[in-house]
Amino acid sequence: MVNLFRTQFVKSAPSKKDLLTDRKQVVFLGKSNVGKSTLLNAVCNNRNLAKTSSTPGRTQMLNYFDVEGRFYLVDAPGYGYYSDSKLDFTEMMEDYLSLGPKKIKRAYILLDSRRKITVEDKVCINMFYNKGISIRIVYTKTDKINQKERSAAEKDALAVLPDTKILWTSSEKKIGIDYLRTDIADALE
Ligand code: GTP
Ligand code: MG
């Protein structure tokens, strides 16, 4: 199985010419502050790998992480947050999506388990879905919800993507992390 524990930062891609197209990859997407960078650190067992922050908009570029010198994990900038930088999420993702399903082996769409799916989440899901890229819905921060909220979240996700696989995670309580590791490994190999 692909070993994620030695994953290392490679580079940030501020524009199209910086995108890394040479390897298979999986990408973490989601609204700003949903917990993408924290989850990436949890699956790699290294809390200093991707920068995390309680202030939304911390990750402003695509960040590439090397896995075994063979694959990339990609930490995407969060949408739904407009800083004074010129970043346009949709535009950047269109460039990224031109890699297609042969290189982008899976898109992990992270959703905060306490919140409803937004229009922006749906736009993001559709962008990847329309390219034929494998998608997983990943609920984050499940340490904060009860069973009733979990059922509501599940219903919400299935209304958007009826056949999708849903992963339940908490980086804080280390819930669903091992499962996600296996899922990433399966996608890459
Ligand atoms: P951007 O880079 O701004 O798009 O944000 P992000 O999606 O990378 O979020 P990040 O990982 O920086 O985490 C945002 C906040 O959520 C931080 O304060 C984290 O500590 C918190 N957080 C992340 N995962 C969890 C979790 O599993 N449980 C709880 N309770 N908090 C979490
Ligand atoms: Mg981040």
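Note that ligands are numbered from 1 as they come in the structure, with each ligand's atoms numbered from 1 the same way. Values reported hereafter were calculated over all heavy atoms of this structure, with side chains retained and with hydrogens, waters and symmetry mates removed.
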Practice prompt. Check whether any side-chain heavy atom of Leu73 lies under 4.5 Å from a side-chain heavy atom of Val26, and answer yes or no.
Written response: yes
Worksheet item: Do any N/O atoms on Pro77 end up under 3.5 angstrom from N/O atoms on ligand 1?
Response: no
Worksheet, complete the sentence: Near Lys144 (heavy-atom distance under 4.0 Å), the atoms of ligand 1 are 30 (N)
Discussion item. For Thr118, is there any backbone N or O sitting under 3.5 Å from a side-chain donor or acceptor partner on Asp121?
Written reply: yes
Discussion item. As an exercise, identify every atom of ligand 1 less than 4.0 angstrom from a heavy atom of Gly35.
Written reply: 6 (P), 7 (O), 9 (O), 10 (P), 11 (O), 13 (O), 23 (C)
Discussion item. Taking Asp66 first and then Arg23, would you say they form a salt bridge - that is, a charged N and a carboxylate O separated by under 4.0 Å?
Written reply: yes
Worksheet, complete the sentence: Thr52 heavy atoms within 4.0 Å reach ligand 1 at atoms 11 (O), 12 (O)
Discussion item. As an exercise, identify every atom of ligand 1 less than 4.0 angstrom from a heavy atom of Ser54.
Written reply: 18 (O)
Worksheet item: When you look at CZ of Arg70, are more than 12 heavy atoms from neighbouring residues, nucleotides or ligands closer to it than 6.0 Å?
Response: yes
Worksheet item: Does any N/O atom on Asp75 come nearer than 3.5 Å to any N/O atom on ligand 1?
Response: no
Worksheet item: Which bit of Ser53 is near ligand 1, meaning a heavy atom under 4.0 Å away: side chain, backbone, both or neither?
Response: backbone
Fill in: Pair Thr140-Asp112, side-chain donor/acceptor within less than 3.5 Å
no
Worksheet entry | Side chains of Asp75 and Phe9 in contact at under 4.5 Å (non-hydrogen atoms) | no
Worksheet entry | Location of contacts on Lys173 toward ligand 1, heavy atoms closer than 4.0 Å | neither
Worksheet item: Among the heavy atoms of Thr140, does any lie under 4.0 Å from an atom of ligand 1?
Response: no
Worksheet item: What atoms of ligand 1 come closer than 4.0 angstrom to any heavy atom of Asp143?
Response: 26 (C), 27 (O), 28 (N), 29 (C), 30 (N)
Worksheet item: Do Ser15 and Asp18 get their side chains close enough for a donor-acceptor pair, meaning under 3.5 Å?
Response: yes
Fill in: Thr38 and ligand 1 - part of the residue with a heavy-atom distance under 4.0 Å
both
Discussion item. Distance under 4.0 Å to a non-hydrogen atom of Gly78: what atoms of ligand 1 satisfy this?
Written reply: 4 (O)
Worksheet item: Do Leu99 and Gln25 touch side chain to side chain, with heavy atoms closer than 4.5 Å?
Response: yes
Item to complete: Measure the distances from the heavy atoms of Ser170 to every atom of ligand 1 and state whether one is below 4.0 angstrom.
Response: yes
Worksheet item: Does Thr52 put an N, O or S atom under 2.8 Å from the Mg ion (ligand 2)?
Response: no
Item to complete: With the side chain counted from C-beta on, respond yes when Val74 and Leu20 share a heavy-atom pair under 4.5 Å apart, and no when they do not.
Response: no
